[in-house]
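Just below is one structure, and these are the notes that go with it.
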Amino acid sequence: MNDYTVFGIKRLRLSVHRSVRIPASLGIRRSALLSRRNWMAPDLATPGDYFRKNPIPSPRPPAPGSPNTTSQTRPPNEACYTGISMLRVRFAPSPTGFLHIGSARTFIFNWLYARHNGGVMILRIDDTDVERNTEASLTSIFEGLRWLDLGWDEEYKQSERLAQHREMAEAIFQKGFAYRDFTPAQSGETERSGAQGTWLFNSEMRDLPAHESDRRAAAGEPFALRFRVPRDAGRQVRFADAVYGPQSKSTADIEDFALLRSDGMPTYHLASCADDAGLRISHVIRGQDHLTNTFKHVLIFEAAGVPAPQFAHLPLLVAPDGTKLSKRRHGQVVSVTTYRDAGFLPQAFVNFLCLLGWSPKDDRQQMTRQEIVDAFSLEGINRANTEVNFKEEDPFDPKAVWLNAEHIRALPVEDLAERLLPIVRAAGFPVDRPKMLAITPLIRERMKLLRDVLTVADFFFAEELPPYETSELIPKKGDPALALAVLQQAAQTLAAAEFSHDALDAALRSAAQSLGIKAGQMFEPVRVAVCGRKTAPPLFGTLEVLGRDTCLRRIDHAIAKLKEL
RNA sequence: GGCGCUAUCGUCUAAUGGUUAGGACAGAGCCCUCUCAAGGCUUAAAUACGGGUUCGACUCCCGUUAGCGCUACCA
């Protein structure tokens with residue numbers, strides 16, 4: 001039989017038309033599964049309290065290399081084990097695409113809530129959709145999260161918790177809150193959703209007599225497990241959302257959703273609730289796209305007899321066209337790695353994202369990580385969707401860029417130089433650390449993104465100046481003859497001057513005076529000769545860093561160009 | 001279609017029912033200045049619409065409109 005393993009999930013062929021997918025790490029064999037096919041038969045399981053069977057989650061420390069910046073300062077999570085309720089939040093991405101900025105924001109809000117309240121931040125990979133999971137996606141998510149540099153305390157993979165999911169399904173089934181649906185799985189968009197009305201349930205399956213259901217299950221007929229949504233008239237499902245307030249929805253508007261697929265794998269709703277319960281999640285903070293799903297989750301928690309966590313839904317991030325951010329429509333601009341590669345500082349990126357849908361209620365914009373943690377609260381989250389203001393020609397929100405520039409300026413010169421160094425080297429310039437350290441203060445206020453170092457400071461690194469128009473050398477209200485005179489004078493001056501900022505300042509100013517021109521007219525040709533363009537960092541500091549030899553060589557070159565005119 | 005959610009400057013947002021509706025980004029102008037930045041000052045720019053309740057409504061209620069989300073054996 002053609003068994004195979006994809007993404008840690010082993011697919012076992014049980015018969016020609018039946019297969020089961022389970023985590024390879026469980027090491028389950030086909031024979032075990034064949035005997036398990038009837039695991040849900042009523043006589044096999046003892047109805048019981050889900051919690052009693054799953055007393056304590058077994059935390060797994062974050063993978064090596066994960067940033068865990070705060071674990072040292074946080075007290076050990078003992079409260080959880082002694083039964084005292086402990087604040088625990090989770091970020092639960094599914095590895096079906098790169099980490100996008102909306103997910104990153106959800107992670108950040110969870111993290112902030114945990115850190116503000118001294119709680120535990122959990123990363124849970126929701127990988128129950130085996131078909132769509134990819135290794136590349138998982139890598140991208142970890143890469144993105146690591147770059148954010150926030151860290152997390154515990155880490156789980158949903159696919160490793162299948163036993164717990166099944167247990168919860170079983171508990172719900174035992175209590176009669178779920179039933180087997182033997183209807184063959186429908187592919188993609190079904191006809192029933194195409195019909196105008198909302199599909200609620202298939203009464204043939206919902207009302208199947210127990211013995212008939214058991215018989216068909218025992219015979220090996222595949223089935224999905226569906227939640228039996230209460231159908232008594234006027235029944236409302238309610239919960240309080242920390243952001244959106246009290247919520248209620250009639251059960252008449254909730255369909256009998258699936259808990260288990262016909263291959264035995266849990267659906268998102270089941271897996272998510274089982275893990276939230278099993279991992280003792282106290283607060284579920286997630287995107288508003290889950291707001292209506294929450295009614296189903298409340299039903300699941302109720303049926304399983306476990307207390308539901310607190311819910312807080314976040315307004316969605318939308319593109320300028322008003323639609324939810326997506327890779328298909330908006331491309332790479334929604335990927336966290338795009339921001340990283342463009343030269344955003346993680347602290348600036350976090351600062352930007354936390355201000356999308358949340359406000360500290362005062363006038364602060366630029367905030368340090370600690371300031372954000374201190375100010376954060378769910379009360380500060382607003383309810384309307386938030387537009388990320390990017391354009392095709394300008395992929396980054398101007399406020400994100402401004403905040404990045406602010407954070408760049410706030411960085412100590414040493415730290416900034418350290419971050420710039422690899423970028424410059426990757427571009428092929430063999431610059432050394434001391435030189436980078438000397439250049440950094442000159443360009444710090446002229447950069448919005450880290451990669452700007454390549455355009456702002458290129459002339460510091462390049463041996464040969466890129467070609468420029470000779471006319472650039474001619475100062476305002478001047479002519480080629482004046483430019484030539486200035487440069488010859490400058491060459492003479494620089495040959496003799498002490499190469500320090502103040503000395504160069506004084507020397508060039510007095511040179512201008514001796515030529516009878518304004519200082520500006522003196523500086524302009526020198527700047528172009530040395531930098532190759534009119535806009536550049538402050539002149540004296542630039543000359544100082546460049547050194548006498550390079551300056552004189554470049555000025556001589558400019559003189560030669562002028563003489564060709 | 002059904003259900004849910006939302007609505008303040010272009011964008012992000014602030015405003016115990018009582019403010020000339022505030023701040024930030026982006027824009028415009030001025031100042032500073034060796035260019036460019038940075039910085040400082042100034043300026044333009046909003047309560048979706050219609051009804052209530054109230055002495056008084058951005059704020060509370062109803063409706064309309066618009067947008068978003070969910071409506072899968074995806075998450």
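Each chain gets a letter, A, B and so on, in the order its sequence line appears, and its residues count up from 1. Heavy atoms only: backbone and side chains are in, while hydrogens, waters and symmetry mates are out.
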Identity of whatever pairs with B:G18 - Watson-Crick or G-U, under 3.5 angstrom: B:C55
Side chains of A:His313 and A:Asp289, donor plus acceptor under 3.5 Å: no
Parallel, tilted or perpendicular: ring planes of A:Phe227 versus A:Phe257, cut at 30 and 60 degrees: parallel
Span that lies between the C1' atom of B:C12 and that of B:G51, in whole angstrom: 32 Å
For atom CZ of A:Phe352 and atom C1' of B:U13, their distance in whole Å: 13 Å
Check: A:Asn293/A:Tyr268 side-chain N/O donor and acceptor closer than 3.5 Å: no
B:G18 and B:C60, which share atom name C1', separated by this distance in whole Å: 15 Å
Nearest-nucleotide pick for A:Ala224, side chain only, options being B:C73, B:A37, B:G69: B:C73
Side-chain N,O (A:Lys324) to OP1/OP2 (B:C70) below 4.0 Å: yes
Touch class at under 4.0 angstrom, heavy-atom based, for A:Thr292 against every strand present: base
Opposite nucleotide pairing with B:A72, Watson-Crick or G-U, both atom distances under 3.5 Å: none
Distance, rounded to the nearest Å, where A:Glu379 contributes CD and B:U16 contributes P: 14 Å
Touch class at under 4.0 angstrom, heavy-atom based, for A:Gln365 against every strand present: base
Identity of whatever pairs with B:A24 - Watson-Crick or G-U, under 3.5 angstrom: B:U11
Sugar-phosphate only, base, or nothing, as touched by A:His313 at under 4.0 Å among non-hydrogen atoms: nothing
Separation of the P atoms in B:A38 and B:A15, to the nearest angstrom: 30 Å
Rounded distance (Å) that lies between atom P of B:U11 and atom CD of A:Glu387: 6 Å
Inter-nucleotide C1' distance (B:A24, B:U16), Å rounded: 25 Å
Heavy-atom side-chain contact between A:Arg228 and A:Phe201 under 4.5 Å: no
P atoms of B:U43 and B:C5, separation to the nearest Å: 42 Å
Sugar-phosphate, base or nothing in reach of A:Pro315, heavy atoms under 4.0 Å: nothing
Distance test, side-chain N/O of A:Lys448 to OP1/OP2 of B:A38, below 4.0 Å: yes
First of A:Arg409 and A:Arg132 reached from the 5' end of RNA chain B, by closest nucleotide: A:Arg409
Residue closer to the 5' end of RNA chain B, A:Pro93 versus A:Asp505 (nearest nucleotide): A:Asp505
Separation of B:C73 P from A:Leu225 CG (nearest whole Å): 13 Å
Sugar-phosphate, base or nothing in reach of A:Asn382, heavy atoms under 4.0 Å: sugar-phosphate
Distance, P atom - from B:U59 to B:G50, rounded to whole angstrom: 13 Å
Sugar-phosphate, base or nothing in reach of A:Lys361, heavy atoms under 4.0 Å: sugar-phosphate
Sugar-phosphate, base or nothing in reach of A:Thr128, heavy atoms under 4.0 Å: sugar-phosphate
B:G63 pairs with, by Watson-Crick or G-U criteria that keep both distances under 3.5 Å: B:C49
Touch class at under 4.0 angstrom, heavy-atom based, for A:Asp289 against every strand present: sugar-phosphate
Whole-Å gap separating P (B:C73) and CG (A:Leu162): 19 Å
Nearest-Å distance once atom C1' is located in both B:U13 and B:U6: 16 Å
A:Arg533 side-chain N/O to B:U35 phosphate OP1/OP2 under 4.0 Å: no
Sugar-phosphate only, base, or nothing, as touched by A:Ala384 at under 4.0 Å among non-hydrogen atoms: sugar-phosphate
Aromatic ring pairing A:Phe540/A:Phe523, orientation class (parallel under 30°, perpendicular over 60°, tilted between): perpendicular
Phosphate contact (B:C73 OP1 or OP2) by A:Thr183 side-chain N/O below 4.0 Å: no
Gap between atoms CG and P, on A:Leu487 and B:C34 respectively (whole Å): 19 Å
Sugar-phosphate only, base, or nothing, as touched by A:Pro184 at under 4.0 Å among non-hydrogen atoms: base
Atom CD of A:Gln513 with >12 non-hydrogen neighbours under 6.0 angstrom: no
Any A:Arg216 side-chain heavy atom under 4.5 Å of A:Leu208 side chain: yes
Parallel, tilted or perpendicular: rings of A:Phe311 and A:Phe301 (30°, 60°): tilted
Phosphate OP1/OP2 of B:A7 contacted by A:Arg383 side-chain N/O (<4.0 Å): no
Phosphate OP1/OP2 of B:C5: any A:Gln247 side-chain N/O under 4.0 Å: yes
Integer-rounded Å distance: B:G4 C1' and A:Lys249 NZ: 6 Å
Sugar-phosphate, base or nothing in reach of A:Thr323, heavy atoms under 4.0 Å: sugar-phosphate
Separation of the C1' atoms in B:C32 and B:A21, to the nearest angstrom: 33 Å
Sugar-phosphate, base or nothing in reach of A:Glu406, heavy atoms under 4.0 Å: sugar-phosphate
Sugar-phosphate only, base, or nothing, as touched by A:Leu539 at under 4.0 Å among non-hydrogen atoms: base
Nearest-angstrom distance from the residue atom CG of A:Asp256 to P of B:A72: 12 Å
Sugar-phosphate, base or nothing in reach of A:Lys518, heavy atoms under 4.0 Å: nothing
Audit row: A:Thr294, A:Arg286, side chain to side chain donor-acceptor pair (under 3.5 Å) steps and yes/no: CA-CA 11 Å; A:Thr294 307; A:Arg286 74 222 310 188; 3.1 Å; yes
